[in-house]
Number of protein chains: 2
Amino acid sequence: MAAAPTNPSRPEQDLEILEPLCAVFRRHLKSLGQKYTPERAQILDVLVRLDDLFEADHLLAEMRRGGFRVSKATVYRTIKLLKDAGIIQQVLLDTDTEQAHYQLVYGRRSRDLIIRTDTRQAIPVELPELVELCERICVTLGLKAHAHRLHIFAAAE
Amino acid sequence: MAAAPTNPSRPEQDLEILEPLCAVFRRHLKSLGQKYTPERAQILDVLVRLDDLFEADHLLAEMRRGGFRVSKATVYRTIKLLKDAGIIQQVLLDTDTEQAHYQLVYGRRSRDLIIRTDTRQAIPVELPELVELCERICVTLGLKAHAHRLHIFAAAE
DNA sequence: GTCGGTGCAAATGCTTTGCATTGAT
DNA sequence: ATCAATGCAAAGCATTTGCACCGAC
């Protein structure tokens with residue numbers, strides 16, 4: 001198995017991200033002495049077409065809907081790998097504590113989000129000033145900032 | 001039972017926060033037709049002396065260490081109430097997904113944190129510019145920001 | 001041919017809940 | 001006196017794991 005299965009109906013911009021994302025994941029796996037399996041490829045393939053925020057359950061359901069047969073265990077195991085690889089990131093919503101929510105961050109300049117409390121929609125935003133702000137405050141404490149995460153909770157006026 | 005039990009060894013600044021915090025909680029409970037019980041008072045009392053980040057387990061252990069006898073169920077039930085009252089807030093650490101972490105936010109101007117990835121220490125920070133930044137970006141999208149949460153991941157250089 | 005991966009089902013562990021009793025108002 | 005809270009133990013439920021078989025390298 002060399003590449004993720006392709007889906008001709010998938011929009012162009014997803015194809016663009018899938019290839020480098022796949023390469024990053026394969027590199028990460030190789031560095032750990034782990035293998036790139038068809039199941040993992042299928043998960044990537046579905047992942048890039050998911051909404052901004054998704055849950056393990058949701059990913060599994062989408063896989064099944066797409067005709068892929070993967071076990072729940074594999075989905076959870078792969079989510080953990082993707083998190084370690086820095087491809088996805090967990091997100092904490094204020095509204096519920098039940099299931100973990102994840103966000104694709106690979107290929108995004110920013111992982112900051114506006115979370116609409118009225119529609120439960122997540123909008124990625126980019127705040128270049130923020131990076132500088134984080135670095136500045138850390139320097140005053142003798143620390144080195146290596147990442148940040150901002151969630152803004154907002155609603156229509 | 002009218003007030004939280006006092007502990008003479010508790011530092012001054014904690015006493016300062018306990019009283020208004022207690023008032024806010026009692027008001028919240030009254031608005032829901034719920035009662036202010038000794039157990040809830042004891043939890044507040046222990047809460048204000050906890051580190052910046054704590055877990056349900058940790059709170060329970062501290063309670064026991066302080067000689068209070070509360071059940072695990074009551075701790076969880078009270079944490080939920082405190083969350084609803086806006087007194088504490090859940091925090092998502094990158095490092096683990098196991099237990100939920102909480103942070104006291106009542107009486108804080110800011111709920112922003114630097115999370116030290118080397119020591120797992122959480123440092124509250126205040127970034128007044130950030131509030132304005134959040135409002136500005138939301139306005140451009142026709143939204144009204146009502147809260148935000150920033151986590152900066154950093155370590156000693 | 002080796003290891004690591006997968007699926008299944010069972011286990012784990014944080015969190016929630018049902019119920020009888022206790023207690024705040 | 002009433003209605004909610006507590007404690008205990010028993011669920012619940014998302015996530016993890018053990019194991020036998022399969023497949024990427």
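In what follows, chains carry the letters A, B, and so on, assigned in the order in which the sequence lines appear, proteins first and then strands, with residues in each chain numbered from 1. These numbers come from the heavy atoms of this one structure, side chains and all, not from hydrogens, waters or symmetry mates.
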- Other ILVMFWY residues reachable from A:V105 by side-chain steps of under 4.5 Å: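 None; A:V105 is a cluster of one.
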- Query: Taking the hydrophobic residues Ile, Leu, Val, Met, Phe, Trp and Tyr, and joining any pair whose side-chain heavy atoms are under 4.5 Å apart, which ones share a cluster with B:V139?
  - Reply: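 Same cluster as B:V139: nobody, lone residue.
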Between [atom2] of [N] and [atom1] of [X], the distance in whole Å:
X	N	atom1	atom2	result
A:Y102	D:dA14	OH	P	13 Å
A:K30	D:dC25	NZ	C1'	9 Å
A:L59	D:dA14	CG	C1'	15 Å
B:Y36	C:dG23	OH	C1'	16 Å
A:K80	D:dT15	NZ	P	11 Å
B:L60	C:dT16	CG	P	14 Å
B:R26	C:dA24	CZ	P	12 Å
A:Q99	C:dT15	CD	P	15 Å

- Task: Determine, stepwise, if the pair A:I152 / B:L143 fulfils side chain to side chain contact (heavy atoms under 4.5 Å, CB included).
- Result: CA-CA 11 Å; A:I152 305 173; B:L143 299 174; over 6 Å; no
Scan for salt bridge (Lys or Arg N to Asp or Glu O under 4.0 Å) pairs involving [range], sequence neighbours excluded, and state none if there are none.
range	answer
residues 28-37 of chain B	none
residues 67-77 of chain A	none
residues 140-157 of chain A	A:R149-B:D94

- Task: Not counting sequence neighbours, which residues clear salt bridge (charged side-chain N to carboxylate O under 4.0 Å, His left out) with B:R116? List them please.
- Result: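 In terms of salt bridge (charged side-chain N to carboxylate O under 4.0 Å, His left out), with neighbours along the sequence ignored, B:R116 is linked to B:D118.
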- Not counting sequence neighbours, which residues clear side chain to side chain donor-acceptor pair (under 3.5 Å) with A:Q121? List them please. A:T119
- Quick tally for nucleotides 3-12 of chain D: nucleotides whose base has a protein heavy atom under 4.0 Å get B, sugar-phosphate-only ones S, the rest -, giving BSSBBB----
- Item | B:Y76 vs C:dT16: side-chain N/O to OP1/OP2 distance below 4.0 Å | no
- Should the pair B:F153 and B:H151 be assigned to parallel (<30°), tilted (30 to 60°) or perpendicular (>60°) ring geometry? perpendicular
- Query: How bent is the helix from C:dG1-D:dC25 to C:dT25-D:dA1, comparing axes over its five end pairs at each side, to the nearest 10°?
  - Reply: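 Result, rounded to 10 degrees: 50°.
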